[in-house]
Number of protein chains: 2
Amino acid sequence: MHISELGSLIKRRRKTLGINQKQLSELTEIGLRTIKGLEAGKTNPTFKTILTLLDVLGMELMIRTKK
Amino acid sequence: MHISELGSLIKRRRKTLGINQKQLSELTEIGLRTIKGLEAGKTNPTFKTILTLLDVLGMELMIRTKK
DNA sequence: AACAAAAGTGCAGTAAACTGCCTTTTATAT
DNA sequence: ATATAAAAGGCAGTTTACTGCACTTTTGTT
């Protein structure tokens, strides 16, 4: 998992749910400009931003030791 | 998963591996002050910082849709 | 108890995330 | 072909993550 992956993953999920960037911005209360930059893989988002987005998108993040 | 969880998770893993904060800082090339703040749950780290730490700690991050 | 190592904390500078505003490009209709 | 909606991108201001330095507190060892 790296940053560009994260962006495309969120973009894909958003489209699956049938919402646009503006709607996602309103639902998450994250600035539209931030969402655009993140989906394009052009910024290095903070943990909070990621968690807020995943929550609204019905996704979860897990961390575990590599086997 | 929220920020304080992330901090304690990383701290626990670091101790399991038997290294101190300074060594982790050197291995990851992330500032010692940053690691201290993160383990204490006092900052909102960036995705890059998290991924770098997890990598050196032999951990991985996954994202999936909630069932 | 004394000492050393590790961890925690305040402060200040730099870089970058976050944000809004506005313009341009691209896609999707009619 | 035009009009509309969605996405992309430049720019500038504000906030905050990241960092080093210096000092304090806690933990562990002899």
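Order of the sequence lines sets the chain letters (A, B, ...), proteins ahead of strands, with each chain counted from 1. Reckoned from all heavy atoms, side chains included, excluding hydrogens, waters and symmetry mates.
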Protein-nucleotide distance (B:N44, atom CG; C:dC18, atom P), rounded to Å: 8 Å

Describe the nucleic acid contact of A:K42 in one word from base, sugar-phosphate, nothing, applying a heavy-atom distance below 4.0 Å. sugar-phosphate

Pick out the pairs of N or O atoms, protein on one side and nucleotides 19-23 of chain C on the other, that lie under 3.5 Å.
unit_1: C:dT19; atom_1: OP2; unit_2: A:G31; atom_2: N; d: 3.0
unit_1: C:dT19; atom_1: OP2; unit_2: A:T34; atom_2: OG1; d: 2.9

Selection from C:dA17, D:dA6, D:dG9 that lies nearest to any side-chain heavy atom of A:T43: C:dA17

Are B:N20 and B:K15 side-chain neighbours, meaning at least one heavy-atom pair lies under 4.5 Å? no

Atom pair distance, as rounded to whole Å: NZ in B:K48 and P in C:dA15: 14 Å

Roughly, in whole Å, what's the span from CG in B:L24 to C1' in C:dA7? 13 Å

Which sits closer to the 5' end of DNA chain C, A:P45 or B:G37, going by the nucleotide each is nearest to? B:G37

Applying side-chain contact (heavy atoms from CB on, under 4.5 Å) to A:S8 and not counting sequence neighbours gives none

Rounded to 10°, the angle between the first-five-pair and last-five-pair axes of the helix from C:dA1-D:dT30 to C:dT30-D:dA1 is 60°

Quick one: side-chain contact (heavy atoms from CB on, under 4.5 Å) partners of A:N44, sequence neighbours excluded? A:I3, B:T46, B:F47, B:K48

Dump every N/O contact between nucleotides 26-30 of chain C and the protein below 3.5 Å, one line per pair.
none

Would you tell me if any nitrogen or oxygen in the side chain of B:T46 comes within less than 4.0 Å of OP1 or OP2 on C:dA16? no

Going by the rule salt bridge (Lys or Arg N to Asp or Glu O under 4.0 Å), which residues pair with B:K66 if we only count those two or more places apart in sequence or in a different chain? A:D55

Salt bridge (charged side-chain N to carboxylate O under 4.0 Å, His left out): pairs with one or both residues in residues 2-12 of chain B, sequence neighbours excluded: none

In whole angstroms, the gap separating P of C:dA6 from CZ of B:R14 amounts to 10 Å

Between the protein and nucleotides 28-30 of chain D, which nitrogen or oxygen pairs come in under 3.5 angstrom?
none

Is there side-chain contact between B:T65 and A:L57, with heavy atoms separated by less than 4.5 Å? no

Between A:L24 and A:L32, is there a side-chain heavy-atom distance shorter than 4.5 Å? no

Please list, by residue number, the residues of residues 3-11 of chain A whose heavy atoms come closer than 4.0 Å to an atom of DNA chain C; answer none if no residue qualifies. none

Interatomic distance, B:Q21 CD vs D:dT27 P [rounded to whole Å]: 13 Å

Find the distance B:L38:CG to C:dA7:P and express it as a whole number of Å. 14 Å

With A:M59, the side chain to side chain contact (heavy atoms under 4.5 Å, CB included) member among A:I10, A:I50, A:L9: A:L9

Separation between CD1 (B:I63) and CG (A:L61), nearest 0.5 Å, reads 5.0 Å

Once side-chain contact (heavy atoms from CB on, under 4.5 Å) is applied, do any residues pair with B:T52, and if so which ones, sequence neighbours excluded? B:T28, B:I30

Contact between A:L53 and A:R13 at the side-chain level, heavy atoms closer than 4.5 Å - yes or no? no

Which residue pairs pass the salt bridge (charged side-chain N to carboxylate O under 4.0 Å, His left out) test when at least one of the two sits in residues 25-44 of chain A, sequence neighbours left out? A:R14-A:E39, A:K22-A:E26

Could you tell me if the side chain of B:P45 sits less than 4.5 Å from the side chain of B:L6, heavy atoms only? yes

Flag the pair B:T43 / B:T34 as yes when at least one side-chain heavy-atom distance between them is below 4.5 Å, and no otherwise. no

Check the distance between D:dT16's C1' and A:F47's CZ and give it to me in whole angstrom. 17 Å

B:I19 atom CD1 is separated from C:dA6 atom C1', nearest whole Å, by 13 Å

Does the side chain of A:S25 come within less than 4.5 Å of A:Q23's, by heavy atoms? no

Can you list everything that forms a side-chain contact (heavy atoms from CB on, under 4.5 Å) with A:R64? Sequence neighbours excluded, please. B:E60, B:M62

